[in-house]
**Q** 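Submitted below is the structure of interest, expressed as structure tokens.
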Protein chains: 2
Amino acid sequence: MTSLRQKIEQALSELSEAERRIGEYVLGNSEAVPHMTTKELSKKAAVSEATIIRFCKSIGIGSYKSFKLALMKDLTLTDTSLTDFSVLNKKDSPYDLFHKVIQVNKSAIESCADSLDRKELTKAVDAIRDARKIVFFGVGGSSTAAVDAQYKFTKLGYHSITSLDFHHMLSVIPHLTEKDVFVAISTSGKTKDVLELTRFAQRKGATVIAITTLSKSPLYKEADIHLCTPNVEQDFRIGSLASRMTQLTVIDTLYLSIFHHIGENVLQQYYDARGEMERLRR
Amino acid sequence: MTSLRQKIEQALSELSEAERRIGEYVLGNSEAVPHMTTKELSKKAAVSEATIIRFCKSIGIGSYKSFKLALMKDLTLTDTSLTDFSVLNKKDSPYDLFHKVIQVNKSAIESCADSLDRKELTKAVDAIRDARKIVFFGVGGSSTAAVDAQYKFTKLGYHSITSLDFHHMLSVIPHLTEKDVFVAISTSGKTKDVLELTRFAQRKGATVIAITTLSKSPLYKEADIHLCTPNVEQDFRIGSLASRMTQLTVIDTLYLSIFHHIGENVLQQYYDARGEMERLRR
DNA sequence: TAAAATATGAATTTTAATTTCATAAAGAAT
DNA sequence: ATTCTTTATGAAATTAAAATTCATATTTTA
């Protein structure tokens, strides 16, 4: 059985110029097309709406609506993925961008599976499980993951700390010991603030877990445990939206793993928190 | 997240009479529905067309067209790809959990496409573009998205504010005017703190954008603009990891859209920031 | 080089999706 | 019990999307 996209590909050479443009656009942006109208697609492919309809018939599908359904089915069966925003262009509407964001984020999360090492993950979970304090630190885009992690581990009953403020962190770290864990979050692994705090924490004896991309970066080299995120494409102007998704995926994994381990013991506290929340109608 | 059909099945008891008839028809004839128009389906289910549209929203999908696409996808997925945490079991290793996290997060992001309404998105982008100040607020798990958004829009040159502290926010809101935008983030749409600040902001004349699930929640009703996130499964003990991913996907979309709009104008500031960062070797 | 065939888009028509509004029924408040 | 709200619903109107028609441009063929 040939998929719809294969069919389009094969038909490409036999289509007229305008119809071929449609085919090419569809192949290049298949994720977005099922949500498009004929008018939108006609603009994108620089053809008329009439030609869209003709295109559908050319590839053997009776109507544009059926075409979209067939394409959706095709996509569900075999997932392709766009991985960067390089294809953004001037006339993209917010809705177009939305679909690109979905794709990029999805594929970023998917590729987490490739970069994370299972042994390192096990080490990280063990370290965090027995930790007395957990300190998270990330700057810029990576602060999101730090804030998120801090919240989650507090919920689990840990003494969990983060701050966006370097100086605040400077006053936290002297109190760390071998019993504590410092989680450094930096996509590049080169961020100076993160590195300095990492080294400081390490001098105090804390176990350092790095959430960073697999590379020869100083952070990677110096950390005790490496939770690697994939090297997702990053637009030099936009910055990386997707790397934050990968960091959060790692955080989620740590959270769930710890929950799973100590879960039964914190359930009472969870119910307490929830009950009180209900009582206060918050 | 459960499949669309499961979701309908679960929702059945809570739907109104007419909507339930639709749900039952859809479950009994799911193969046929993706090819039906609202008029046809309304006849089959013995309801009005308007009720069809309302049914889609009731089960958390933004439009009839999205509903049909989602249903088609659901039908195509024969394998019940485990997408929720209900299948967690005792002997899951951290690495097993990791793969489940990937699954869940991926599918959450994917289903964003079903719930977000393109017109609302356009309205939101327009509102934010012309905003003088943007205030983000979310509590608990939703604070992550607020913090992230605040950072991103500051980068774009906006006067962008957030705080985890309700009292701090209370002192921010009196200064809002019609020129400002208040973005309320709450999965359930029922969080009291968020609602109170939302109403306060609205009284001051600010445009309220809600990032929340499509539901009959107070936040949904009261907001001026709704950016709906999908109703992702949420384990009552673990809390929802995935809903944060959907909120961030919406934030990313807003950020990219605004960047796209005013992008060229902020590039110089981006370079300045980057240059200075290099100079300071941070 | 003229006639026929083909390809294309603008404009129109048809159809479908969505919204609005009026009404009826059910609940809550007095 | 009765008024006021809220909720549910469909009929009608509106808006948006898909499909068709038709005029024109281009290419091919005789």
Side-chain angles (χ1 to χ4, degrees), chain A residues 11-26 32-72 93-96, chain B residues 11-26 32-72 114-123 214-218 220-222 224-226 228:
Chain A
L12 229 42
S13 58
E14 288 156 29
L15 293 174
S16 73
E17 202 184 306
E19 290 185 20
R20 186 161 52 246
R21 277 206 300 281
I22 300 169
E24 276 158 3
Y25 183 87
V26 170
V33 174
H35 297 276
M36 288 182 163
T37 66
T38 48
K39 190 185 269 176
E40 283 175 301
L41 181 53
S42 72
K43 267 196 174 174
K44 298 287 178 182
V47 299
S48 70
E49 291 183 62
T51 306
I52 304 281
I53 308 291
R54 281 190 291 262
F55 166 81
C56 296
K57 314 231 158 154
S58 294
I59 58 165
I61 291 183
S63 74
Y64 179 62
K65 279 196 284 178
S66 299
F67 170 72
K68 288 199 292 187
L69 285 174
L71 184 56
M72 178 53 109
S93 72
Y95 202 62
D96 295 331
Chain B
L12 275 184
S13 59
E14 287 155 29
L15 293 175
S16 73
E17 204 184 305
E19 290 185 18
R20 185 161 51 248
R21 277 206 300 281
I22 300 170
E24 275 157 5
Y25 184 85
V26 170
V33 174
H35 299 279
M36 289 182 162
T37 66
T38 47
K39 190 184 269 177
E40 284 174 303
L41 182 53
S42 72
K43 268 194 172 176
K44 299 280 184 183
V47 298
S48 70
E49 290 182 64
T51 305
I52 304 281
I53 307 291
R54 282 189 292 259
F55 167 80
C56 296
K57 312 230 157 157
S58 293
I59 58 165
I61 291 184
S63 73
Y64 180 62
K65 280 193 284 176
S66 296
F67 170 73
K68 288 198 293 187
L69 286 175
L71 184 57
M72 178 55 110
D114 302 332
S115 54
L116 192 89
D117 185 276
R118 83 194 306 154
K119 275 189 236 155
E120 297 288 307
L121 175 61
T122 309
K123 281 201 266 176
L214 179 45
S215 67
K216 287 173 185 164
S217 69
Y220 181 86
K221 277 188 212 141
E222 296 174 26
D224 301 308
I225 302 173
H226 319 91
C228 294

**Q** Figure out the OH/C1' separation between A/Tyr64 and C/dA17, and round it to whole Å.
**A** 15 Å
**Q** Which heavy atom of B/Arg21 sits nearest to which heavy atom of B/Ala46, and what is that distance?
**A** NH2-O, 2.8 Å
**Q** Once you round it to whole Å, what is the distance between P of D/dA17 and OH of A/Tyr95?
**A** 11 Å
**Q** Does the side chain of A/Met36 come within less than 4.5 Å of A/Lys44's, by heavy atoms?
**A** yes
**Q** Is there side-chain contact between B/Tyr220 and B/Leu214, with at least one heavy-atom pair below 4.5 Å?
**A** yes
**Q** Report the residues that fulfil side chain to side chain contact (heavy atoms under 4.5 Å, CB included) with B/Thr38, sequence neighbours left out, ordered by chain and then residue number.
**A** B/Glu49, B/Ile52, B/Ile53, B/Tyr64
**Q** Both B/Glu17 and A/Lys65 contact DNA chain D. Which one's nearest nucleotide lies toward the 5' end?
**A** B/Glu17
**Q** Could you tell me whether the phosphate oxygens of C/dT18, OP1 or OP2, come under 4.0 Å of any side-chain nitrogen or oxygen in B/Lys119?
**A** no
**Q** Measure the spacing between CD1 of B/Ile59 and CD of B/Glu14 and express it to the nearest 0.5 Å.
**A** 12.5 Å
**Q** Write down the distance between CD (B/Glu120) and C1' (C/dT18), rounded to a whole number of angstrom.
**A** 13 Å
**Q** Check whether any side-chain nitrogen or oxygen of B/Thr51 sits under 4.0 Å from OP1 or OP2 of D/dG10, and answer yes or no.
**A** yes
**Q** Using a cut-off of less than 4.0 Å, is there contact between a side-chain N or O of B/Ser48 and OP1 or OP2 of D/dT9?
**A** no
**Q** Base, sugar-phosphate, or nothing: which does A/Ala18 touch, judged by heavy atoms less than 4.0 Å apart?
**A** sugar-phosphate
**Q** Is it true that A/Lys43 and A/Glu40 make a salt bridge, defined as a side-chain N closer than 4.0 Å to a carboxylate O?
**A** no
**Q** Return the value, rounded to whole Å, for the distance between atom CD of B/Glu19 and atom C1' of D/dT7.
**A** 11 Å
**Q** Roughly, in whole Å, what's the span from NE2 in A/His35 to P in C/dA17?
**A** 16 Å
**Q** Specify the residues of residues 36-46 of chain B, ordered by number, for which at least one heavy atom lies under 4.0 angstrom from an atom of DNA chain C.
**A** B/Thr37, B/Thr38
**Q** Does anything in residues 53-61 of chain B reach DNA chain C, meaning a heavy atom under 4.0 Å, and if so which residues?
**A** B/Ile53, B/Lys57
**Q** So B/Glu49, base contact, sugar-phosphate only, or nothing? Heavy-atom distance under 4.0 Å.
**A** base
**Q** Measure the distance from CD1 on A/Ile52 to P on D/dA16 and round it to the nearest whole Å.
**A** 20 Å
**Q** Taking the side chain as every heavy atom from C-beta outward, state whether B/Val47 and B/Phe55 have any atom pair closer than 4.5 Å.
**A** no
**Q** Roughly how many Å is it from NZ in B/Lys221 to P in D/dT5, rounded to a whole number?
**A** 16 Å
**Q** Would you mind reporting whether B/Lys119 and B/Ser63 have side-chain heavy atoms less than 4.5 Å apart?
**A** no
**Q** Report yes if a side-chain nitrogen or oxygen of B/Ser63 is closer than 4.0 Å to either non-bridging phosphate oxygen (OP1 or OP2) of C/dT18; otherwise report no.
**A** yes
**Q** Counting neighbours of NZ on B/Lys123 that are heavy atoms of other residues, nucleotides or ligands and sit closer than 6.0 Å, is the number greater than 12?
**A** yes
